[in-house]
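These numbers were taken from a predicted model, which means no experiment stands behind them.
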Amino acid sequence: MHIKILNSNMIKRSITFMTLALALTTLCQAQSRKIINLPSWDFSRDGKAWQQVAVPHDWAISGPFDKKWDLQMVAIEQNGETEKTEKSGRSGALPWIGEGMYKMNWTAPKGYKRAVLVFDGAMSQPVVSVNGKEAGRWAYGYNAFRIDITPFIQFGKSNLIEVHLNNVEESSRWYPGGGLYRPVSVELYGNENFSTWDTFVRTLKADKQEAEVEVNALLEGKTGKSGKTVIALLDEAGKKVAEQIVTGANPEIKTTLKVANPQLWSPESPYLYQVKLTRYEGKKVADVQTLKTGIRTIAVSKNNGFQLNGITRKLKGVCLHHDLGPLGAAENKAALIRQIKMMKQMGCDAIRTAHNMPSTMQMELCDSLGMMVMAESFDMWIYPKCKNGYAKFFKEWSDKDITNLVKHHRNHPSIVMWSIGNEIPEQWSKEGMEIAKHLQDICHQYDPSRPVTQGMDKAEDALKSGFAQVMDVPGFNYRVHKYFKNIEQLPQGFLLGSETASTVSSRGVYKFPVVVSDKATYPDGQCSSYDTEYCSWSNLPDDDWKMQDDYSWVIGEFVWTGYDYLGEPTPYDTYWPSRSSYFGICDLAGLPKDRYYMYRARWNEQQHTTHLLPHWNWKGREGQVTPVYCYTDGVEGELFVNGKSQGRVRKDKSSRLDRYRLRWNNVKYEPGEIRVVTYNQYGDKIGEDVKRTAGEPAQMKFSVETPDHEPIACMVEGCTDEHNVLLNADGNDLAFITVSLQDKDGNECPLADDELTFEVSGAGTFKAACNGDATSLEPFTQPQMKLFSGKLVVIVQSSKQKGDIILKVKDSKRNIEQSITLQAI
């Protein structure tokens with residue numbers, strides 16, 4: 001055994017050498033960027049009492065609901081109102097008004113030269129301070145923004161970051177939420193880096209044989225003369241399919257990658273590549289930026305309409321507000337996945353982010369799941385729609401906001417067009433036309449690859465002023481009967497239904513007699529699910545489809561809306577209590593209304609649809625006419641009531657309500673069973689559906705959705721002892737459990753309104769509940785709620801621990817108690 005003895009000087013020199021080597025290694029490694037999420041903050045409404053919260057956070061969603069919050073006396077001009085009335089639920093009747101403060105202590109790691117705070121959205125008017133000094137501010141609560149905090153921090157030490165927010169009354173036409181409702185992160189850089197939002201990847205041309213992809217980037221910091229940039233394109237397996245090397249000190253980098261046999265991105269095949277930019281100074285890596293992108297082309301023309309990858313298609317889109325129902329404005333990945341998947345299963349292929357800017361997470365999910373997007377910017381310009389709205393900031397901030405929108409999101413293949421506004425009052429004027437052209441030019445400046453649109457509601461005014469003619473894609477909201485005059489004046493040769501339908505309904509509620517009406521209201525504050533009621537400015541889905549089917553120059557639609565949302569409870573703007581919308585194809589809980597199947601029958605070309613309505617529990621209506629409808633992609637159907645045929649009905653192209661629906665208008669109610677059988681144009685059976693009269697509730701049924709996994713529907717006793725319902729043990733994943741009551745024979749009870757209580761134990765917590773009732777004042781975040789039309793949804797959140805999550809649901813009225821076990825992995 002040989003032992004070497006070191007003297008003290010040798011030891012000191014050795015330690016010094018190792019320390020220096022370690023420091024140099026750390027410095028080299030630290031030069032490349034690092035992104036750190038900042039989820040944990042202290043929050044206060046008054047600056048005195050603080051609580052720790054997880055960001056994304058919405059301070060108002062727990063309520064309570066109260067008409068005093070943001071009570072407005074207004075005439076909604078867009079709805080054709082001329083006299084002011086009290087609007088109690090216009091912005092959701094939740095306590096989002098006022099100030100909020102967030103703070104955290106953050107230790108900036110050593111070895112970096114710059115730090116940038118990135119806010120994906122902060123509601124609203126955020127002022128950011130670092131170590132007691134104002135570092136920056138923004139005005140628009142829906143926009144992402146970046147603040148360089150390098151001058152205010154000390155690397156290697158703890159730094160105090162503070163955010164002050166201020167939500168002003170009458171600043172929104174819907175529920176905006178309050179707080180740091182989207183993620184916050186910090187980006188760390190060394191001496192030299194790629195400017196994050198200046199990297200732009202776009203497809204110049206593409207077909208199945210070859211694609212050309214242009215990459216632009218901009219270097220920041222101290223650019224060395226010996227530097228080189230390697231730009232690589234990787235496929236989904238990580239294999240390099242193209243590469244270019246750019247050398248020199250020029251901070252502006254531009255190159256074109258040629259890709260053989262590319263996989264083209266589309267809603268049907270959302271293939272994503274990865275672009276990797278690596279900056280070298282000598283042999284040292286100075287910075288690495290990676291981003292996902294898709295190879296695809298977009299075109300809109302008079303002869304071919306809207307084209308994706310050279311193929312003409314009609315946009316089958318929905319409008320979505322940013323709130324997530326009972327979760328409020330606080331963004332959550334699982335909830336967004338659930339929304340997108342639900343719409344895709346309906347056959348929807350596009351989302352309009354109405355009427356505000358989208359989030360990073362939402363666009364990333366649209367990229368990966370295959371959903372085209374119209375990314376919208378503003379609901380107003382200079383002329384205010386509400387007293388303290390964005391009009392106060394437009395002149396100073398609009399150029400900055402539209403620039404941020406485009407530069408932030410232009411690498412997402414899912415985005416197929418930009419929208420610069422919604423129902424802008426200035427559309428009648430020359431000034432409005434000039435503003436429209438100016439904003440469109442900014443979009444073109446930062447993104448020449450996409451067309452620009454906006455939703456216009458005053459067709460005659462917009463056409464007379466030239467406002468509509470300057471747009472790449474003229475978008476019209478409603479008023480399909482004016483399309484014929486519109487198209488005659490449009491040099492573009494096509495138009496888009498940028499907002500359509502505004503049909504209103506309440507899930508599982510049916511009104512008699514069944515009539516077509518644009519002004520129907522009822523004492524209970526609900527709308528009929530026969531889907532024959534709409535608003536004075538709007539129409540039925542059938543009307544939009546007729547225009548799209550009969551005229552090639554109508555390039556598609558965006559339905560108002562895919563989901564119900566908080567606020568704007570039309571047609572019950574003056575009714576209390578009513579605090580959320582009725583426009584949704586799905587209700588506020590995310591449960592499909594009957595109308596979901598109407599759109600599915602129209603849009604989903606991969607699966608057959610046969611859906612029967614109404615339910616068949618009508619005690620007291622025996623012998624009375626109770627119309628029966630069927631939504632199907634078939635052309636003919638036969639209805640049976642307790643086995644007796646009510647005749648075969650065929651779709652009729654000449655009839656407004658019979659072109660896209662099957663209707664039996666003279667059916668008389670008798671308890672028992674109704675059954676429909678549907679057929680295609682060749683007379684082949686394609687489906688059937690049954691509704692039965694249910695007895696008294698005797699048991700529960702649970703249907704479970706775990707959006708990050710495969711959705712699972714099960715009877716509770718089949719799931720309790722099996723760990724087949726999975727969640728990610730990350731503290732953020734959600735399970736959506738639909739609870740309904742059944743009679744002893746397994747028939748759902750559509751009229752049940754029992755109050756249920758919820759208890760969650762194990763590796764998860766109760767998050768929220770929602771029944772989809774726009775008139776309910778029950779708080780979402782309390783573990784109890786009444787069923788509405790026989791159903792509600794309980795949302796369970798995973799913890800950061802693996803294990804079983806047990807949800808126990810109790811109905812004290814019926815003495816029914818059942819549970820389900822999920823597993824966090």
Report task. Would you please test Arg202 and Val213 for side-chain contact (heavy atoms from CB on, under 4.5 Å) and show each step? Result -> CA-CA 6 Å; Arg202 63 170 174 146; Val213 179; over 6 Å; no
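- Residues Asp447 and Arg450 are paired through a salt bridge, judged by an N-O separation under 4.0 Å between the basic side chain and the carboxylate.
- With Ser359 as the partner, the side-chain hydrogen bond (donor to acceptor under 3.5 Å, both in side chains) test is satisfied by one option alone out of Glu364, Glu331, His322: Glu331.
- No hydrogens or angles considered: a donor-acceptor pair under 3.5 Å links the side chains of Thr360 and Asp120.
- Between the side chains of Thr632 and Thr609, no donor N or O sits under 3.5 Å from an acceptor N or O.
- The distance between the ring centers of Trp603 and Tyr596 does not fall below 6.0 angstrom.
- Aromatic ring centres of Tyr582 and Tyr572: separated by under 6.0 Å.
- Atom CD1 of residue Ile420 and atom NE2 of residue His438 lie 10.0 Å apart, to the nearest 0.5 angstrom.
- For an aromatic pair to be called close, the ring centres must be under 6.0 Å apart, and Tyr175 with Tyr565 fails this.
- Remark: the backbone N or O of Tyr142 is not paired with any side-chain donor or acceptor of Asn356 at under 3.5 angstrom.
- The distance between the ring centers of Trp197 and His409 does not fall below 6.0 angstrom.
- Comment: Arg602 engages Asp549 in a salt bridge, judged by a side-chain N to carboxylate O separation of less than 4.0 angstrom.
- Atom CD of Gln606 sits in a sparse spot, with 12 or fewer heavy atoms from other residues, nucleotides or ligands closer than 6.0 Å.
- Judged as a side chain to side chain donor-acceptor pair (under 3.5 Å), and not counting sequence neighbours, Tyr181 has no contacts.
- Inter-residue side-chain proximity for Asp472 and His444 is flagged as met; some heavy-atom pair is nearer than 4.5 Å.
- For the residue pair His408 / Asn143, no side-chain donor-acceptor distance below 3.5 Å is found, with atom types taken as modelled.
- Here OH of Tyr563 is found 9.5 Å from CD1 of Ile585. Values are rounded to the nearest 0.5 Å.
- More than 12 heavy atoms of other shown residues, nucleotides or ligands fall within 6.0 angstrom of atom NZ in Lys407.
- Contact check for Arg410 versus Leu405: no side-chain heavy atoms found under the 4.5 Å cut-off.
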**Report entry** Derivation and outcome, ring-ring contact (aromatic ring centres under 6.0 Å, His included), residues Tyr660 and Trp545
**Finding:** CA-CA 9 Å; Tyr660 301 103; Trp545 297 340; 5.3 Å; yes
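- By the 4.5 Å heavy-atom criterion applied to side chains, Lys316 and Glu605 are counted as neighbours.
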Query raised in the report: Is there a side-chain contact (heavy atoms from CB on, under 4.5 Å) between Val473 and Val452 once you walk through the steps?
Result: CA-CA 6 Å; Val473 176; Val452 182; over 6 Å; no
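- Salt bridge Lys651/Asp658: absent, no basic N to carboxylate O contact under 4.0 Å.
- A salt bridge links Arg173 to Asp379: at least one charged side-chain nitrogen sits closer than 4.0 Å to a carboxylate oxygen.
- No side-chain N or O of Tyr629 forms a donor-acceptor pair with one of Asp531 less than 3.5 Å apart.
- Judged by distance alone, with hydrogens and angles left aside, the side-chain atoms of Asp564 form a donor-acceptor pair with the main-chain N or O of Gly584 at under 3.5 Å.
- Ring-plane geometry between Tyr390 and Tyr140 is classed as tilted, the angle between the planes lying from 30 to 60 degrees on a 0 to 90 degree scale.
- Contact annotation: the side chain of Leu657 approaches that of Leu540 to within less than 4.5 Å [non-hydrogen atoms, C-beta and beyond].
- A side-chain contact (heavy atoms from CB on, under 4.5 Å) with Glu423 is found for exactly one of Met456, Gln454, Glu499, namely Glu499.
- Using modelled atom types and a 3.5 Å distance limit, the side chains of Gln469 and Gln489 yield no donor-acceptor pair.
- Side-chain N/O atoms of Asp573 and Thr570 include a donor and acceptor closer than 3.5 Å.
- One side chain, Arg595 or Ser505, offers a donor N or O that lies under 3.5 Å from an acceptor on the other.
- Using modelled atom types and a 3.5 Å distance limit, the side chains of Arg352 and Asn422 yield a donor-acceptor pair.
- Ring to ring, Tyr551 and Phe484 are close: their centroids are under 6.0 angstrom apart.
- Without hydrogens or angle criteria, Gln526 side chain to Val509 main chain gives no donor-acceptor distance under 3.5 Å.
- Not one N or O on the side chain of Asp544 forms a donor-acceptor pair closer than 3.5 Å with the backbone of Thr500.
- A salt bridge links Arg661 with Asp542: the closest approach of a Lys/Arg side-chain nitrogen to an acidic carboxylate oxygen falls below 4.0 angstrom.
- The distance from the CG atom of Leu264 to the CG atom of Asp207 is 7.5 Å, given to the nearest 0.5 Å.
- Using a 4.0 Å cut-off between a side-chain N of Lys or Arg and a carboxylate O of Asp or Glu, Glu460 and Lys485 do not qualify as a salt bridge.
- With no hydrogens or angles considered, a side-chain donor-acceptor pair links Ser414 and Asp367 at under 3.5 Å.
- Between the side chains of Arg600 and Gln607, at least one donor N or O sits under 3.5 Å from an acceptor N or O.
- Judged by distance alone, with hydrogens and angles left aside, the side-chain atoms of Lys344 form a donor-acceptor pair with the main-chain N or O of Pro267 at under 3.5 Å.
- Atom CE of Met342 sits about 13.5 Å away from atom CD1 of Ile337, to the nearest 0.5 Å.
- Side chain of Ser269 to main chain of Tyr271: no donor-acceptor pair is present (N/O by atom type, distance under 3.5 Å, no hydrogens or angles).
- Side-chain contact between Gln307 and Ile298: absent, with no pair of heavy atoms (C-beta onward) separated by less than 4.5 Å.
- Distance alone, capped at 3.5 Å, is enough to place a donor-acceptor pair between the Ser465 side chain and the Gln427 backbone.
- The closest donor-acceptor contact from the side chain of Asn309 to the backbone of Ile311 lies at 3.5 Å or more, if one exists at all.
- Here the side chain of Arg579 pairs no donor or acceptor atom with the backbone of Ser91 at under 3.5 angstrom.
- Two residues are said to be in side-chain contact when any heavy atoms from C-beta on lie closer than 4.5 Å; Thr453 and Pro474 fail this criterion.
- Two rings, from His355 and Trp560, have their centers less than 6.0 Å apart.
- For the pair Arg338 and Phe736, the distance from NZ or CZ to the six-membered ring centre is under 6.0 Å and the angle to the ring normal is within 45 degrees.
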Query raised in the report: Glu557 and Val559: side-chain contact (heavy atoms from CB on, under 4.5 Å), yes or no, with the steps?
Result: CA-CA 6 Å; Glu557 68 172 319; Val559 181; 3.6 Å; yes
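- No hydrogens or angles considered: nothing links the side chains of Asp652 and Ser655 as a donor-acceptor pair under 3.5 Å.
- With sequence neighbours excluded, no residue satisfies side chain to side chain donor-acceptor pair (under 3.5 Å) with Arg182.
- Using a 4.5 Å heavy-atom cutoff, the side chains of Cys630 and Thr610 are in contact.
- From Asn486, atom CG reaches atom CH2 of Trp553 across 8.0 Å, with rounding to the nearest 0.5 Å.
- Within the 3.5 Å criterion, the main-chain N or O of Gln263 finds a donor-acceptor partner in the side chain of Tyr273.
- Remark: Cys366 SG to Met343 CE distance equals 12.0 Å, nearest 0.5 Å.
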